[in-house]
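Letters go in sequence order (proteins before strands), and every chain restarts at 1. Keep in mind the model is a prediction, meaning the values are calculated, not measured.
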Amino acid sequence: MSRKFLSSLLRTSTTHSTTSQCHAQTILQSLLPNVILETDLLLAYSKLGLMGHARKLFDKMSQRNMHSWNIMIASYAHNSMFFDALTVFQGFKRCGSLPDRYTLPPLFKISVGIGEPYFGWMCHGLVIKLGYVEIVVVTNSVLEFYVKCGTMSQALSVFSHHNGSWDSVTWNLMISGFGKAGLYSDAIRCFREMLKHQSGTELDYMILPSILSACGKEGDLLKVKEVHGFIVRNFSFGVDVPIGNALIDNYGKCGCLKDSENVFKTMSCVNLVTLTTMISCFGMHGKGEESVFLFEKMIHEGFKPNAVTLTAILASCSHSGLVDQGKKIFNSMISDYGFEPTAEHYACMVDLFGRCGCLEEALQLLKRMKSSSVTGSMWGALLASCVMHKNVEIGEVAAYHLFQLEPNNTSNYVALCGIYQSRGMAHGFSTVRAKMRDLGLIKTPGCSWINTAGRAHKFYQGDLSHPLSDMICKILYEISNTQISTDDLGVGYLLHDL
DNA sequence: CTAGGGTTAG
């Protein structure tokens, strides 16, 4: 077998056996050392995730080119082995070479992976200095870095500096970035902007989950329906799994459980995320029995629940008062699946016991735990249950722990006050209020607002300062006595440009 | 050899 033939065989190899047979041939025929062949082997092993094999080869190479360094750095980053990737990159720098367009994107992944933004900022500097800003893949990786750091202002600045050289990945990063940052209306505005820029060209279906999630979290059912209609009209393959999952989730968030179920039923292929989403939708709508039924069905079908699934089913049991089922599921996850419950799961269990009034049982659960592993969210769940059931004794215990753990969290003081107030204990009430004053804590009042004709109108609790408040209250009173279907909500077209 | 989508929680 010639060098050329082995090379092309390796470049298309997808199995361990082909790769190692080629490797054996290179040795048998004394074709090594040879940079091209060794680099081909490197890539073949990396693609199979066999980083140990790749590394052994790489260390023995007497000569390396940019390609070989890039493969090592990118593959380590791809397999979340960030420190190994960094070590290789440092070795690369010691050779006096400069990164190229293939080296740079994985470096941003490394920076996020090791939680070290300085490294990413430095790499952004390199991108500019070495003149790679015009390469859209490189600039997109910079954009993604800022999105993952949660600094949308920086992402926006990168975005606007490269006016014109965007592609659909750029838009998707911006839309999903705004969504992840909770800036849903910005995400929707960005989507509209995108439609303007690329009218006529086909819409990339990868952005649909991002835009659906922005519409759903904004609670805008009409826009969710609009995007759904658009999907049905334009994508003949029907829904792929992530799009189906996003539809289920966002119909659920907008209060249309029936539509979630319909999407779920028509999906030809589902995964763990689909099932978890559907379980949590049932839970959100107080359908605990349906959640448990689906959970048991998925286990029967051989799905292995993950930490998110467990949180969803426990929360669902809790909201529907299914204490025994919740307890059973929690215990079986530990014994049957060797599941290591996280702090969130314990918080769910406390909520499960607490919500139904089993406050003593909830407290015992926390007392049995090592005190250093009891988190604020667990005591917080207990305190919330004590407010619900007006329990002073356990409420004080939970509040005491919370005051230690999060001394500046105003809502804990307010919750304890609420318990005293509901039991008519004026002394306790004023003591906590005084403590809050001493600590300089101010309760931020609940507030809601509405945008009409480009103006925002704010309303605080019990606030009648708005000039039209008389009329507003009268209309609100009428509305609250009228049955309204979600179809009657106002019209706000999203896709009218299409 | 480089970039993008979906799930929990109060």
Side-chain angles (χ1 to χ4, degrees), chain A residues 11 39-40 42-43 46-47 65-78 99-109 127 132 135-145 147-148 166-177 179-180 204-214 216 239-250 252-253 270-281 283-284 305-316 318-319 342-348 350-351 354-355 375-385 409 411 415:
Chain A
R11 285 175 201 188
T39 305
D40 288 329
L42 219 52
L43 182 59
S46 300
K47 272 191 188 151
N65 56 24
M66 278 306 286
H67 197 178
S68 16
W69 286 103
N70 287 340
I71 291 171
M72 285 311 286
I73 296 168
S75 307
Y76 272 135
H78 183 79
D100 67 3
R101 57 186 291 190
Y102 295 105
T103 328
L104 288 161
L107 297 183
F108 293 102
K109 226 186 257 177
V127 169
Y132 288 106
I135 311 287
V136 68
V137 177
V138 175
T139 296
N140 282 344
S141 73
V142 177
L143 206 59
E144 194 196 3
F145 164 71
V147 165
K148 288 216 174 115
W166 308 319
D167 64 2
S168 63
V169 177
T170 320
W171 288 106
N172 197 10
L173 282 167
M174 291 306 291
I175 294 166
S176 68
K180 278 173 198 148
D204 184 343
Y205 68 92
M206 289 276 270
I207 66 129
L208 294 171
S210 315
I211 191 66
L212 276 170
S213 140
V239 286
D240 77 344
V241 178
I243 292 176
N245 295 350
L247 283 169
I248 294 174
D249 184 38
N250 294 295
K253 284 201 168 75
V270 301
N271 63 18
L272 186 60
V273 176
T274 319
L275 297 160
T276 304
T277 307
M278 199 62 235
I279 287 170
S280 100
C281 283
M284 240 182 267
N306 66 13
V308 181
T309 319
L310 187 56
T311 311
I313 185 70
L314 290 179
S316 179
S318 168
H319 295 321
T342 65
E344 283 79 24
H345 299 133
Y346 280 108
C348 280
V350 171
D351 190 65
R355 204 176 277 263
T375 62
S377 62
M378 300 180 205
W379 290 118
L382 185 58
L383 181 58
S385 301
N409 187 339
S411 50

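Counting only distance, with no hydrogens or angles, the side chain of A:Thr277 and the backbone of A:Val273 share a donor-acceptor pair below 3.5 Å.
By the ring pair (Phe, Tyr, Trp, His ring centres under 6.0 Å) test, A:Tyr102 is found to be paired with no residue, residues two or more places apart in sequence or in another chain being considered.
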query: Given A:Leu42 and A:Met72, is the side chain to side chain contact (heavy atoms under 4.5 Å, CB included) satisfied, shown in steps?
result: CA-CA 8 Å; A:Leu42 219 52; A:Met72 285 311 286; 4.1 Å; yes
task: Decide yes or no on side chain to side chain contact (heavy atoms under 4.5 Å, CB included) for A:Val169 and A:Leu143, but give the supporting numbers first.
output: CA-CA 10 Å; A:Val169 177; A:Leu143 206 59; over 6 Å; no
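Distance A:Lys253 NZ to B:dA9 C1': 11 Å, rounded to the nearest Å. When the P atom of B:dG10 is taken as reference, atom NE2 of A:His345 falls 13 Å away, rounded to whole Å. Taking atom CG of residue A:Leu310 and atom C1' of nucleotide B:dA9, one finds them 13 Å apart after rounding to whole Å.
What you find for A:Ser176 and A:Ser210 is that their closest heavy atoms are CB-OG, 3.6 Å.
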task: Classify every nucleotide of nucleotides 1-6 of chain B by which part a protein heavy atom approaches to under 4.0 Å, writing B for the base, S for the sugar-phosphate alone and - for neither, in 5'-to-3' order.
output: BBBBBB
